[in-house]
Amino acid sequence: MKNKEISKLLREIVASYIIKNEAKYRFQIIAYQNAADSIEGLNTQIKDLYAEGNLDKIPGVGETIKKRLEELLKTGQVKHFNEVKKGIPDSTFILMEIPGFGPKKSYKLAAHFNLKNPEKAIDELLKFAKNNKIAGLEGFGEKSQADIIRSVDEYKKSMGKTTKMLLPYAHDIASDVLAYLKKSKYVEKSEALGSLRRMKPLVGDIDIAVASKWPNETIDYFTKYPGKERVIEKGPATSSLLTTAGNQIDLMVQPPDSFGALLQHFTGSKNHNIHLREIALKKNLSLSERGIKNSKTKKLYKFEDEKKFYEAIGLTFIPPEIREDTGEIELAQKNKLPKLIELKDIKGEFHIHSGFPIEPSHDLGINSIEEMIFQAKELGYEYIGFSEHNPSISKHKENQLIDLIKRRNDEIDKASQKFNFQTFKMMETDILPDGSLALPEKALEILDASVVSIHSVFKMDKNQMTDRIIKGLTHPKAKILAHPTGRLLNERAGYEVDFDILFDFCKKNNKILEINSYPNRLDLGDNLIRKAVEMMVKLVINTDSHASYQMNNMIYGVSQARRGWASKDDILNSLSYNEIKKEFKKN
DNA sequence: GCCGTTTTCGGCCCGACTGTTTTCAGTCG
């Protein structure tokens, strides 16, 4: 059973407890919710943790849930879970996928209409709604019946709470809304918050905060946004829209003197905020988007500035990217947060595909070597490394391969001189299934260094894959492992690797792991970056650009590095050209 | 059911909006 399925099951337990008696099971609900979130975010499969005896090291998994997980892995089911779910039709959990459907509403409808087949439940429900069978039920009316019909329709068109969007796409949508808001005389300040501000690789809703002395007028203006499909809700302080493209935009307004509190509140994450509020509670303070309230005197303290908000509860400012309640709060209390890497620290990169006709095994870039160098200069870089895919080994003889690479090297030298710009002559070399590199020794000799990566035969046993990668990295010219997990966001999970072993090998042998900035890769992911940083493994942030404009994606890789708590010292390409040269000569 | 630089027992965030209600339940973030 994969982690995703396990966390889904735990969420069904959460829903079941809510349906059966929300008040009675209040704290079990929180506990199972936390365990489900935690397991979903793991970078190791539960079955492996179980085999290693490390189940209780998962945050949110204690004695009881550990036992339940063991039972699940051993027997494929859990008696206690069956007990909890007893009497609740499976269709309930399917209905919950529809926006606006929570556990209770889903259960009421599934039970009342006796929806036995989960696969048909949504269609059957739609039929009952259209035949006017829902409006008469207790707690339902004409309006909610109509809402159900629309929600199901939108759900089927994949609108609302379905797949999340890639970070740059979310950024573009937010920019458009912000540009619209800035045109209003009522809007004093506006900013995108939520998971977008925290720079998560995938973003669900777009959250936007506005400072305004005229909240009603601001919200009226917002609901007239040209890209809207419909208004989901509209109150005195918040409003939500669905766009024609199917994305949800949430708006919150506070007066300018409370904007700092609003930024803090709306940036999240949920767990970060809950933890902060628990700390504040012990000081008799209550936190909200309005400010900080003293629960004894009832006085509300307002904050225009987010930094001062944190300071008021005894913390230093916490960068949005690390607000996930994974230890940042404790360190902020002691003023011991690391200084995170910034975009301006980046001096160059090593994963650039030019359009030089090298007859590669995979996709060629579209811009010339000169155009890529021009772009690097625009970005203020000191150097770049060219890493086109190795020429296809099945289509070329050894001397042809070497000749192609030599010709490319000459082209790089020429361009480098013409632009007076430092370059590295590299290659992105495939690690073949047996762990050997897809270039002959004589070809590797004429490179400054090589990026190596997996591009074939992903379905491999975890240990075999780990051996394969390590064997590939063992070659002295192999310095950087590109996109180490091979994941593609919203497409595929990536192959399995034993990162404890790989990190250890990299540290001992001066090998560098890539943080790939390509929007649907962002690989390594934040959790693994954090682990690499803790193990003091060197990282590099590359864009894997196949066109010059893609070199601007560097910000997304830097953000993931920040999410993984990386400092400048952890990142290879914060070093100068001469330092890099030395680094590549190390064995 | 989990967790611990005020606790191994006694805590566990805070508020918005909608629809069906006449004071609240459900959903969401």
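Note on naming: letters A, B, ... go to the chains in the order of the sequence lines (proteins, then strands), and numbering restarts at 1 for each one.
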For the side chain of [X] and the backbone of [Y], is there at least one donor-acceptor N/O pair under 3.5 Å apart?
X: A/Gln560; Y: A/Leu524; value: no
X: A/Arg198; Y: A/Thr267; value: yes
X: A/Gln45; Y: A/Asn3; value: yes

Looking at A/Phe101, does the NZ or CZ of A/Lys105 lie under 6.0 angstrom from its six-membered ring centre and within 45 degrees of the ring axis?
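Yes, a cation-pi geometry holds between A/Lys105 and A/Phe101.
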Would A/Arg323 and A/Phe317 count as a cation-pi pair here, with the cationic atom under 6.0 angstrom from the ring centre and within 45° of the axis?
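A/Arg323 over A/Phe317 ring: yes.
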NZ/NE/NH1/NH2 to OD/OE distance under 4.0 Å, [X] and [Y]:
X: A/Lys200; Y: A/Glu321; answer: no
X: A/Lys143; Y: A/Asp147; answer: yes
X: A/Arg487; Y: A/Asp523; answer: no
X: A/Lys334; Y: A/Glu330; answer: no
X: A/Lys47; Y: A/Glu52; answer: no
X: A/Asp500; Y: A/Lys531; answer: yes
X: A/Glu324; Y: A/Arg563; answer: yes
X: A/Arg197; Y: A/Glu191; answer: yes

Take atom [atom1] in [N] and the same atom in [M], then report the distance between them in whole Å.
N: B/dG15; M: B/dT21; atom1: P; result: 28 Å
N: B/dG26; M: B/dT20; atom1: P; result: 14 Å
N: B/dT6; M: B/dG1; atom1: C1'; result: 23 Å
N: B/dC24; M: B/dT5; atom1: C1'; result: 42 Å
N: B/dT23; M: B/dT18; atom1: C1'; result: 15 Å
N: B/dC17; M: B/dC12; atom1: P; result: 26 Å

Pull out every protein N or O sitting under 3.5 Å from an N or O of nucleotides 4-8 of chain B, one pair per line with the distance.
{"unit_1": "B/dT7", "atom_1": "O4", "unit_2": "A/Lys282", "atom_2": "NZ", "d": "3.3"}

Listing time: all N or O pairs from protein to nucleotides 16-21 of chain B that are below 3.5 Å?
{"unit_1": "B/dA16", "atom_1": "OP1", "unit_2": "A/Arg290", "atom_2": "NH2", "d": "2.3"}
{"unit_1": "B/dA16", "atom_1": "O3'", "unit_2": "A/Thr238", "atom_2": "OG1", "d": "3.4"}
{"unit_1": "B/dC17", "atom_1": "OP1", "unit_2": "A/Pro236", "atom_2": "N", "d": "2.8"}
{"unit_1": "B/dC17", "atom_1": "OP1", "unit_2": "A/Ala237", "atom_2": "N", "d": "2.9"}
{"unit_1": "B/dC17", "atom_1": "OP1", "unit_2": "A/Thr238", "atom_2": "N", "d": "3.3"}
{"unit_1": "B/dT18", "atom_1": "OP1", "unit_2": "A/Lys234", "atom_2": "N", "d": "2.8"}
{"unit_1": "B/dT18", "atom_1": "OP1", "unit_2": "A/Lys234", "atom_2": "O", "d": "3.0"}
{"unit_1": "B/dT18", "atom_1": "OP2", "unit_2": "A/Lys234", "atom_2": "O", "d": "3.3"}
{"unit_1": "B/dG19", "atom_1": "OP1", "unit_2": "A/Lys143", "atom_2": "NZ", "d": "2.6"}
{"unit_1": "B/dT20", "atom_1": "OP1", "unit_2": "A/Gly141", "atom_2": "N", "d": "2.6"}
{"unit_1": "B/dT20", "atom_1": "OP1", "unit_2": "A/Gly141", "atom_2": "O", "d": "3.4"}
{"unit_1": "B/dT20", "atom_1": "OP1", "unit_2": "A/Ser144", "atom_2": "N", "d": "3.1"}
{"unit_1": "B/dT20", "atom_1": "OP1", "unit_2": "A/Ser144", "atom_2": "OG", "d": "2.8"}

Gap between atoms [atom1] and [atom2], on [X] and [N] respectively (whole Å):
X: A/Leu262; N: B/dG29; atom1: CG; atom2: P; value: 17 Å
X: A/Leu10; N: B/dG1; atom1: CG; atom2: C1'; value: 12 Å
X: A/Ile313; N: B/dC14; atom1: CD1; atom2: P; value: 12 Å
X: A/Gln254; N: B/dC14; atom1: CD; atom2: P; value: 16 Å
X: A/Lys20; N: B/dG1; atom1: NZ; atom2: P; value: 14 Å
X: A/Ile208; N: B/dG29; atom1: CD1; atom2: P; value: 15 Å
X: A/Leu196; N: B/dG29; atom1: CG; atom2: C1'; value: 15 Å
X: A/Glu97; N: B/dC28; atom1: CD; atom2: P; value: 12 Å

Dump the intermediate steps for ring-ring contact (aromatic ring centres under 6.0 Å, His included) on A/Tyr180 and A/Phe222, then the final yes or no.
CA-CA 8 Å; A/Tyr180 171 74; A/Phe222 171 66; 8.0 Å; no
Would you name the heavy atoms of A/Tyr556 and A/Ser517 that are closest together and state the gap between them?
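Nearest heavy atoms, A/Tyr556 then A/Ser517: CB-O, 4.0 Å.
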Checking base pairs now: Watson-Crick or wobble, both atom distances under 3.5 Å. What partners B/dC24?
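Matched B/dC24 with B/dG19 under the 3.5 Å cut-off.
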DNA chain B contacts made by residues 47-60 of chain A, counting heavy atoms under 4.0 Å:
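Within this stretch, A/Pro59, A/Gly60 sit under 4.0 Å of the strand.
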Taking the nucleotide of DNA chain B with the nearest heavy atom to each, does A/His265 or A/Lys270 sit closer to the 5' end?
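Looking at DNA chain B, the more 5' nearest nucleotide goes with A/Lys270.
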Would you tabulate the pairs of protein nitrogen or oxygen atoms and nucleotide nitrogen or oxygen atoms of nucleotides 24-26 of chain B closer than 3.5 angstrom?
{"unit_1": "B/dG26", "atom_1": "OP2", "unit_2": "A/Lys104", "atom_2": "NZ", "d": "2.9"}

Heavy atoms under 4.0 Å, any strand shown: does A/Leu287 hit a base, just sugar-phosphate, or nothing?
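Here A/Leu287 touches the backbone only, sparing every base.
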Aromatic ring pairing A/Tyr32/A/Tyr17, orientation class (parallel under 30°, perpendicular over 60°, tilted between):
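Plane angle between 30° and 60°, so tilted.
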Going by ring pair (Phe, Tyr, Trp, His ring centres under 6.0 Å), name the pairs with one or both residues in residues 56-80 of chain A, residues two or more places apart or in two chains.
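Passing the test, one end in residues 56-80 of chain A: no pairs.
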Step-by-step salt bridge (Lys or Arg N to Asp or Glu O under 4.0 Å) determination, A/Glu12 to A/Lys85
CA-CA 8 Å; A/Glu12 292 181 3; A/Lys85 287 168 78 176; 2.8 Å; yes
Do any N or O atoms of the protein come closer than 3.5 Å to N or O atoms of nucleotides 9-12 of chain B, and which pairs are they?
{"unit_1": "B/dC12", "atom_1": "O3'", "unit_2": "A/Glu278", "atom_2": "OE2", "d": "3.0"}

Does B/dT7 fall in syn (glycosidic angle within 90° of 0) or anti?
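It is syn.
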Counting side-chain heavy atoms from C-beta on, which of B/dG1, B/dC14, B/dC13 comes nearest to A/Ser286?
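Given the options B/dG1, B/dC14, B/dC13, the side chain of A/Ser286 is closest to B/dC14.
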